[in-house]
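Each chain gets a letter, A, B and so on, in the order its sequence line appears, and its residues count up from 1. From a predicted model like this one, the values you see are computed outputs, not experimental measurements.
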There are 2 protein chains.
Amino acid sequence: MVTIYDIAKRANVSHMTVSRVLNSPHLVSEKTREKILKTAKEMGYKPNLIARSMRTKKTNYIGLILPDIINPFFPEIVRGASDSASKLGYNIILVNTDNDYAKEQASLEMLFNRGVDGVIHCGIAGGKKDKAFIEEINENKLPCILIDRYIPDLDTPYVISNNFELAYEATEYLIKLGHKNIGVISSPLKIKIHKDRLMGYKQALEDNNLVFDESLVVEGEENIESGAELAKQLLADPKKKISAIFTMCDFLAFGVYKYCKANKIPIPDGLSIISIDDIYASSLLEPPLTTMAQKKYEMGFNAAKILIDAINNKKMPQKKMILKAKLVKRESCKKID
Amino acid sequence: MVTIYDIAKRANVSHMTVSRVLNSPHLVSEKTREKILKTAKEMGYKPNLIARSMRTKKTNYIGLILPDIINPFFPEIVRGASDSASKLGYNIILVNTDNDYAKEQASLEMLFNRGVDGVIHCGIAGGKKDKAFIEEINENKLPCILIDRYIPDLDTPYVISNNFELAYEATEYLIKLGHKNIGVISSPLKIKIHKDRLMGYKQALEDNNLVFDESLVVEGEENIESGAELAKQLLADPKKKISAIFTMCDFLAFGVYKYCKANKIPIPDGLSIISIDDIYASSLLEPPLTTMAQKKYEMGFNAAKILIDAINNKKMPQKKMILKAKLVKRESCKKID
DNA sequence: GTGAAAGCGCTAACAT
DNA sequence: ATGTTAGCGCTTTCAC
């Protein structure tokens, strides 16, 4: 392995001059600078980033903690964060936690020991332990930013969607199509952003002179089975006269599709569906799903950017960013009389 | 930050004894070992992995190079590799290259400089530059393993599917259903595994006394648009009497679905479709897609395992592993007379 | 079973 | 504009 000492020897300078050429070239005369650059190239020099980290106490690594990269919601976020980071000279260490607190703990410890410069936490579980987790990060003075969700009591910075407004827009879209009895299949309401969405739904009803009916709202886990089960629950009672369903994530909508197919309810003729997320599969469904597309790539991109800016200014990140979701009109919603 | 010197001082031993407790505890007497462990815990000691790497020339990092994590084929591979790695005390540095050679080069250089212990390369582009790329890795004596594809002339180890056999099985499945004129929408044939698959298709025809008709094979890029376009090409000529299509990846199958829907060709009544991959969306299509499921998670898992085994034995990886794809029968294929 | 010395490759701080 | 010295936190080597 070629070191700066090897280059220094060959170029008849001190190793410090070589180091300067690599880090602050303006401090070195053009002549020696070029000689050193040439020698370095000839010798196939590669800077040892580990040695550099050891001195500077900076690794240019960002830890990215998420539940499971296989969940189609996350790859775009990861790509966004990765692109943003590499543009700024950072790299991503990815860890999957399956929302398991023990795994989160272990990952965090690993990231500490590896000396990451900051952490992005994507999709915190929403339980009591989150707070302890974030507090532990803060105690260790590790810059941290959240994606997709936030913790109300703490002022950890975040990048999320405009949850209240996007739910308002989705609901209003259905109302404008003539729907009056709109069922909601909600993601867990212990998580703040889901509460925010429900508030948006309520507000849209109110602003359009429709009364909120609690019995039209059901809540479950964010998976297909839960969606199908809750659709059944909601549609079982014909007195509810539900003509449209608003699901809080695309997985839940997939479940509604499944239930409708099994029970010969045509979409959108028998039931309109609008959702939130816009993951890859949603446009491939039959009919293609109308959904509020979250800007997943941008979430990742901006989170990494905000975090790295903070790192470079040697302070904790402050900024909270809210990205506007976009209504993607496909074919799962229909005008009724 | 607490160092082994701090612990040594407090416990009245030398820093070396502390180091031994952490690395080869059996060399230290039980009494001192326990005292040191206790002190370390009290002081909140965390080993500095950077300093350790600096001395040992080992980072316990694996570079994972792939085209784009957003492509639904990759997340499972990444998860598999990540699980396998973390089980063995390694972590993954993920880089996206978009099949762009310049980006691959830059990533590789970064990984070198970061001192990764090995590299997993997932989905090499299949061009001439691959060879140069792999040779550069070899020159630098960096252990390397390929996933999903391989380079015929080089004996770099790999983990891939049984491409010949899986294509044989897919084709035979259609033949058994009564199909005699089976169109093929192929992925780029400059890539060896796709050639292998075509050979499997041919062999299945031959073994079932059907003649191979070159005009039934068309080739394109692995995306939906290409699939739709090639379906059009294949189905335009009624004289071909195509009753079934075998696509080499699920994206291509999605394109065929798109074309069929636009042209009112019912699946599977008007056309049977079988594919390869089994990405997440495939089960959600209407009708659900019958496809040869590649063991993506296992590919990643085993690749990381083989690589790390080799790293620990201080040699280059040797093993080539072939995983059996599994026929997932859904509803896109139909028996005909 | 334990300790002392050296050094991994680099940069910060100070000197010239 | 360039050089000297020291040291980041750890492990390797050798000595006792």
Asker: Check the phosphate of D:dT4 against A:S14, side-chain N and O only, distance under 4.0 Å to OP1 or OP2. Yes or no?
Answerer: no
Asker: From the options C:dT2, C:dC10, D:dT2, select the nucleotide whose nearest atom is closest to the side chain of B:S29.
Answerer: C:dT2
Asker: Could you state the CD1-P distance from B:I50 to C:dC10, rounded to the nearest angstrom?
Answerer: 15 Å
Asker: Report the residue (B:N12 or B:A51) whose heavy-atom-nearest nucleotide on DNA chain C is the more 5′ of the two.
Answerer: B:N12
Asker: Under the 3.5 angstrom rule, does the side chain of A:D100 hit a backbone N or O of A:A102 as a donor-acceptor pair?
Answerer: yes
Asker: Among the nucleotides D:dC14, D:dT2, C:dA12, which one has an atom lying closest to any side-chain atom of A:T56?
Answerer: C:dA12
Asker: Does B:N96 reach the main-chain N or O of B:I69 with its side chain, forming a donor-acceptor pair under 3.5 Å?
Answerer: yes
Asker: Tell me the interatomic distance from A:N23, atom CG, to D:dT2, atom P, rounded to whole angstroms.
Answerer: 16 Å
Asker: With heavy-atom distances below 4.5 Å as the criterion, would you say the side chains of B:M16 and B:S19 are in contact?
Answerer: yes
Asker: Going by side-chain contact (heavy atoms from CB on, under 4.5 Å), name the residues that satisfy it together with A:N48, two or more places apart in sequence or in a different chain.
Answerer: A:M1, A:I50, A:A51, B:K57
Asker: Is the backbone of A:G89 close enough, under 3.5 Å, to the side chain of A:N60 for a donor and an acceptor to pair up by distance?
Answerer: yes
Asker: What is the distance, to the nearest angstrom, from the CE atom on B:M1 to the C1' atom on D:dC8?
Answerer: 10 Å
Asker: Nearest-Å distance, CZ (A:F112) to C1' (D:dG9)?
Answerer: 19 Å
Asker: Does B:D6 form a side-chain hydrogen bond (donor to acceptor under 3.5 Å, both in side chains) with B:Y45? I'd like the steps, not just the answer.
Answerer: CA-CA 9 Å; B:D6 301 325; B:Y45 171 74; over 6 Å; no
Asker: OP1 or OP2 of C:dT2 less than 4.0 angstrom from a side-chain nitrogen or oxygen of B:T17, does that happen here?
Answerer: no
Asker: OP1 or OP2 of C:dG9 versus the side-chain N and O atoms of B:K57: is any pair under 4.0 Å?
Answerer: yes
Asker: If you measure from the Lys or Arg side-chain nitrogens to the Asp or Glu carboxylate oxygens, is any gap between A:D83 and A:R79 under 4.0 Å?
Answerer: yes
Asker: Rounded to the nearest Å, what distance is computed from the CG atom of residue B:L22 to the P atom of nucleotide D:dC10?
Answerer: 8 Å
Asker: Measuring to OP1 and OP2 of D:dG9, would you say a side-chain N or O of B:T3 lies under 4.0 angstrom away?
Answerer: no
Asker: Closest to the A:I4 side chain: C:dT11, D:dT2, D:dC10?
Answerer: C:dT11
Asker: At under 4.0 Å, does any side-chain N or O of B:N48 touch on OP1 or OP2 of D:dC8?
Answerer: no
Asker: Taking any heavy-atom pair under 4.0 Å as a contact, classify B:S53: base, sugar-phosphate, or nothing.
Answerer: nothing
Asker: What integer distance in Å separates B:R20:CZ from D:dC14:P?
Answerer: 14 Å
Asker: To the nearest angstrom, how far is B:R52 atom CZ from D:dT11 atom P?
Answerer: 5 Å
Asker: Using atom types as modelled, flag every donor-acceptor pair under 3.5 Å from a side chain in residues 124-133 of chain A to any protein atom, sequence neighbours excluded.
Answerer:
{"from": "A:D130", "atom 1": "OD2", "to": "A:G126", "atom 2": "N", "distance (Å)": "2.6"}
{"from": "A:D130", "atom 1": "OD2", "to": "A:G127", "atom 2": "N", "distance (Å)": "3.1"}
{"from": "A:K131", "atom 1": "NZ", "to": "A:D153", "atom 2": "OD2", "distance (Å)": "3.3"}

Asker: Could you state the atom-to-atom distance from CE of A:M54 to C1' of C:dT11 in whole Å?
Answerer: 12 Å
Asker: Quick one: which protein N/O atoms are closer than 3.5 Å to N/O atoms of nucleotides 5-7 of chain C? Pair and distance per line, please.
Answerer:
{"from": "C:dG7", "atom 1": "N2", "to": "B:R55", "atom 2": "NE", "distance (Å)": "3.2"}
{"from": "C:dG7", "atom 1": "N2", "to": "B:R55", "atom 2": "NH1", "distance (Å)": "3.0"}
{"from": "C:dG7", "atom 1": "N3", "to": "B:R55", "atom 2": "NH1", "distance (Å)": "3.2"}

